[in-house]
Novice: 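The structure is given below, and queries will be raised subsequently.
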Amino acid sequence: MRRMAKFDHLYGRLSTKLLNICIDSICKSQQIEKAESVLIDGIRLGLLPDVVTYNTLIAAYCGIFGVDAAFSVVHRMKEAGINPNTVTYNSLIAGATRHGLFSGALDLFEEMLRVGMHPDLWSYNSLMHCYFRLGEPEKAYDVFHNIMLGGLSPCRITYNTMINGLCKNGYADNAIMLFRNLKRLGFVPGITSYNILINGLFKSGRFNNARRMLDEALKSGCPPNVITYTIVLKGLFRARRFEEGIEIFWEMKSKGYTFDAFAYCTVIGIFVKTGRIREANDCMAEMLKNGIGLDLVSYNTLINLCCKEGKLELAYQLLDEIEKGGLKCDEFTHTILIDGLCKTGNIEGAYQLLEHTTMLGFDSKVALNSFIDGLCKAGHIDYAMMMFESMEHKDSFTYSSMVHNLCKARRYHCASELLLSCVRSHIKILKSAQRAVLDGLCYSGFARKAKKLESKIRIARLLQSNLA
DNA sequence: GTAGGGTTAG
């Protein structure tokens with residue numbers, strides 16, 4: 001009998017472990033309901049879920065439904081007599097961070113300390129990340145300093161989080177200095193570290209340094225991955241080095257890189273923006289053929305492509321797919337469609353969608369800009385002016401578009417007033433829009449007014465630069 | 001727990 005009891009005990013422990021492995025694997029395939037039913041079955045069979053079982057569920061709830069839903073699991077856990085541990089809090093903090101709730105993550109960290117729990121390296125790494133995302137690099141640095149001084153030994157993620165945070169907060173030079181110092185102290189960077197730095201250098205406009213860093217990665221035995229290529233592609237595109245970017249794309253293909261949704265969307269976006277619709281279509285076909293799971297950004301990218309080709313019907317088919325697939329359209333989706341409708345001359349449709357979008361609570365300045373431009377192009381310039389005047393927040397696009405369209409309608413005096421008020425409001429305007437007004441005034445016999453306007457603009461800009 | 005500010009307007 002004693003032997004049986006011993007086996008029972010062993011069986012119980014093993015089974016909880018098996019149950020956890022099973023739930024973890026189901027959660028990883030995002031099937032929370034199935035995981036819950038496996039848990040219920042397990043309990044019916046007499047298995048006792050432990051802290052790992054609940055932590056697994058909490059991590060999954062955080063990822064899929066958000067932190068609030070995860071808290072309901074914490075509640076259930078406590079009811080079952082199991083106390084949350086550091087991993088529970090780390091999961092909740094990670095969940096909050098993933099959903100952009102950085103202040104909420106900080107609150108959780110404080111709560112952790114308040115209830116007497118000891119944060120581990122994961123908690124501190126997350127804390128640093130949150131401070132950086134909140135634009136508080138000094139506080140992040142304090143955490144880093146404390147990790148180094150305290151008994152915790154930092155890991156690669158600690159260093160990468162620090163280097164990335166510095167880059168993202170505009171301290172690319174400090175990031176590189178830290179990187180060099182750490183390397184001297186024995187830190188062996190992986191491709192993630194190099195990607196962080198290459199991206200940081202590209203974004204601060206230092207293309208040659210970025211290229212050199214890429215070479216350094218290769219020489220250090222870190223082959224680039226799909227993320228490296230996407231960074232380089234985007235960086236070159238941002239620098240308007242389109243041909244080099246397209247070359248990188250072909251290089252990726254010839255080396256047999258597997259494209260993911262990020263890479264495909266980047267490339268399709270670039271093709272669309274440079275007017276290479278045929279190539280964009282080939283890419284889309286390949287993306288669909290390769291069975292890439294389409295998320296909302298992918299759908300938005302494809303809908304945009306359809307709109308640019310004037311294939312609105314196809315765009316609406318994709319819209320149906322979004323809703324059938326359980327995804328929710330966002331501001332981008334609506335804006336893309338509103339612009340598509342405007343560009344195909346369906347102003348009435350665009351107006352209806354704009355109203356619907358506003359009713360849904362989206363406040364898209366881009367959509368309004370698009371619509372105003374659409375109105376002008378369809379010949380309703382007075383109505384466009386009315387909307388323009390009623391707009392609370394006008395930006396560079398609003399002014400550039402309106403000024404251009406007024407010039408096209410030969411209403412140079414009105415355009416010159418807008419141009420001047422734009423400059424005086426410290427808003428940038430396209431050089432071509434300014435040129436259109438000045439040329440328009442000259443050619444229509446108002447050369448003196450053009451001269452005066454030019455000097456008024458110069459004075460306004462001079463005053464601004466003095467004040468700055 | 002770190003890396004692609006993947007998609008929109010002039």
Side-chain angles (χ1 to χ4, degrees), chain A residues 59 87 90-91 93-95 97-98 105 119-130 132-133 154-165 167-168 189-200 202-203 224-235 237-238 259-270 272-273 294-305 307-308 329-340 342-343 364-374 376-377 394-405 428-433 436:
Chain A
V87 177
N90 284 348
S91 294
I93 290 172
T97 311
R98 210 175 310 144
D120 59 8
L121 187 63
W122 281 46
S123 331
Y124 285 114
N125 287 346
S126 303
L127 185 64
M128 262 171 45
H129 180 64
C130 286
F132 274 127
R133 292 297 301 264
C155 64
R156 189 180 269 192
I157 290 177
T158 317
Y159 296 138
N160 286 344
T161 304
M162 194 65 205
I163 295 169
N164 181 45
C167 282
K168 294 275 159 63
I191 191 62
T192 301
S193 320
Y194 284 108
N195 284 346
I196 290 168
L197 286 169
I198 294 167
N199 190 40
F202 262 124
K203 280 191 65 197
N225 60 15
V226 65
I227 296 183
T228 323
Y229 273 105
T230 320
I231 292 169
V232 174
L233 200 67
K234 193 84 188 172
F237 178 66
R238 219 180 282 131
F259 281 58
D260 58 9
F262 264 78
Y264 274 117
C265 291
T266 306
V267 173
I268 293 173
I270 289 172
V272 169
K273 278 201 181 114
L294 299 182
D295 59 5
L296 188 60
V297 176
S298 310
Y299 274 113
N300 288 346
T301 307
L302 300 186
I303 291 176
N304 185 39
L305 172 57
C307 285
K308 290 291 180 293
C329 299
D330 64 358
E331 193 176 309
F332 280 92
T333 327
H334 290 115
T335 306
I336 290 165
L337 277 168
I338 288 168
D339 187 59
C342 285
K343 294 283 192 297
S364 172
K365 194 161 62 176
V366 179
L368 258 180
N369 283 346
S370 226
F371 184 66
I372 287 180
D373 190 62
C376 292
K377 300 270 189 315
K394 305 175 186 77
D395 63 8
S396 168
F397 281 91
T398 332
Y399 276 104
S400 299
S401 161
M402 202 64 229
V403 167
H404 257 307
N405 282 306
K428 278 188 186 160
I429 187 158
L430 276 185
K431 279 211 175 72
S432 60

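All values below come from the heavy atoms of this structure, side chains included, with hydrogens, waters and symmetry mates left out. Below, chain A is the first sequence line, B the second, and so on; all start at residue 1.
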Novice: Please classify the nucleic acid contact of A:R133 as base, sugar-phosphate, or nothing, using heavy-atom distances under 4.0 Å.
Specialist: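 No contact.
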
Novice: Give A:S396 one of three labels, base, sugar-phosphate or nothing, depending on what nucleic acid heavy atoms sit under 4.0 Å from its own.
Specialist: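 Base contact - A:S396 has a heavy atom under 4.0 Å of at least one base atom.
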
Novice: Who passes salt bridge (charged side-chain N to carboxylate O under 4.0 Å, His left out) against A:D395, sequence neighbours left out?
Specialist: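 Salt bridge (charged side-chain N to carboxylate O under 4.0 Å, His left out) list for A:D395, sorted by chain: A:K365.
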
Novice: Partners of A:K343 by salt bridge (charged side-chain N to carboxylate O under 4.0 Å, His left out), sequence neighbours excluded?
Specialist: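 Only A:D339 meet the salt bridge (charged side-chain N to carboxylate O under 4.0 Å, His left out) criterion with A:K343.
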
Novice: Does A:A367 reach a base, just sugar-phosphate, or nothing at all? Heavy atoms under 4.0 Å.
Specialist: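 A:A367: no heavy atom of the nucleic acid under 4.0 Å.
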
Novice: Base, sugar-phosphate, or nothing for A:D373, non-hydrogen atoms under 4.0 angstrom?
Specialist: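 Contact class for A:D373: sugar-phosphate only.
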
Novice: Hey, what do you get for CG (A:N125) to SG (A:C155), rounding to the nearest 0.5 Å?
Specialist: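 It comes to 5.0 Å.
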
Novice: Under 4.0 Å, heavy atoms only, any strand: does A:I227 hit a base, just the sugar-phosphate, or nothing?
Specialist: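 Counting heavy atoms under 4.0 Å across all strands, the contact made by A:I227 includes a base.
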
Novice: Classify the nucleic acid contact of A:S400 as base, sugar-phosphate or nothing, counting any heavy atom under 4.0 Å across all strands shown.
Specialist: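 A:S400: base contact, heavy atoms under 4.0 Å.
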
Novice: Using a 4.0 Å heavy-atom cut-off, does A:K394 contact any base of the nucleic acid, only the sugar-phosphate backbone, or nothing at all?
Specialist: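 No contact.
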
Novice: Mind checking what makes ring pair (Phe, Tyr, Trp, His ring centres under 6.0 Å) contact with A:Y299, not counting sequence neighbours?
Specialist: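 With neighbours one apart ignored, the set is empty.
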
Novice: Which is true for A:A94 with a 4.0 Å heavy-atom rule: it touches a base, it touches only sugar-phosphate, or it touches nothing?
Specialist: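 Counting heavy atoms under 4.0 Å across all strands, the contact made by A:A94 is with sugar-phosphate only.
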
Novice: When we call it a touch if two heavy atoms are under 4.0 Å apart, what does A:K308 touch: a base, just sugar-phosphate, or nothing?
Specialist: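 It contacts sugar-phosphate atoms only.
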
Novice: Kindly write out the residues that satisfy salt bridge (charged side-chain N to carboxylate O under 4.0 Å, His left out) with A:D373, not counting sequence neighbours, or none if the list is empty.
Specialist: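 With neighbours one apart ignored, the set is A:K377.
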
Novice: Mind checking ring pair (Phe, Tyr, Trp, His ring centres under 6.0 Å) for A:Y399 and listing every partner two or more places apart, or none if nothing turns up?
Specialist: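 Checked A:Y399 against ring pair (Phe, Tyr, Trp, His ring centres under 6.0 Å); matches are A:F388.
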
Novice: Which part of the nucleic acid, if any, lies within contact of A:K431, taking any heavy atom under 4.0 Å across all strands shown: a base, the sugar-phosphate backbone alone, or nothing?
Specialist: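 The answer is nothing, as A:K431 stays clear of every strand by at least 4.0 Å.
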
Novice: NA contact type, A:T335, heavy-atom cut-off 4.0 Å: base, sugar-phosphate, or nothing?
Specialist: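 Result for A:T335 = base.
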
Novice: Taking any heavy-atom pair under 4.0 Å as a contact, classify A:S370: base, sugar-phosphate, or nothing.
Specialist: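 It contacts sugar-phosphate atoms only.
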
Novice: 5' to 3' on DNA chain B, which nucleotides open and close the contacts with chain A (atom under 4.0 Å from a heavy atom)?
Specialist: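 It runs B:dG1 to B:dG10.
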
Novice: Applying a 4.0 Å non-hydrogen cut-off, can you work out what A:C155 is touching in the nucleic acid: base, sugar-phosphate, or nothing?
Specialist: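 Since a base atom lies under 4.0 Å of A:C155, the category is base.
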
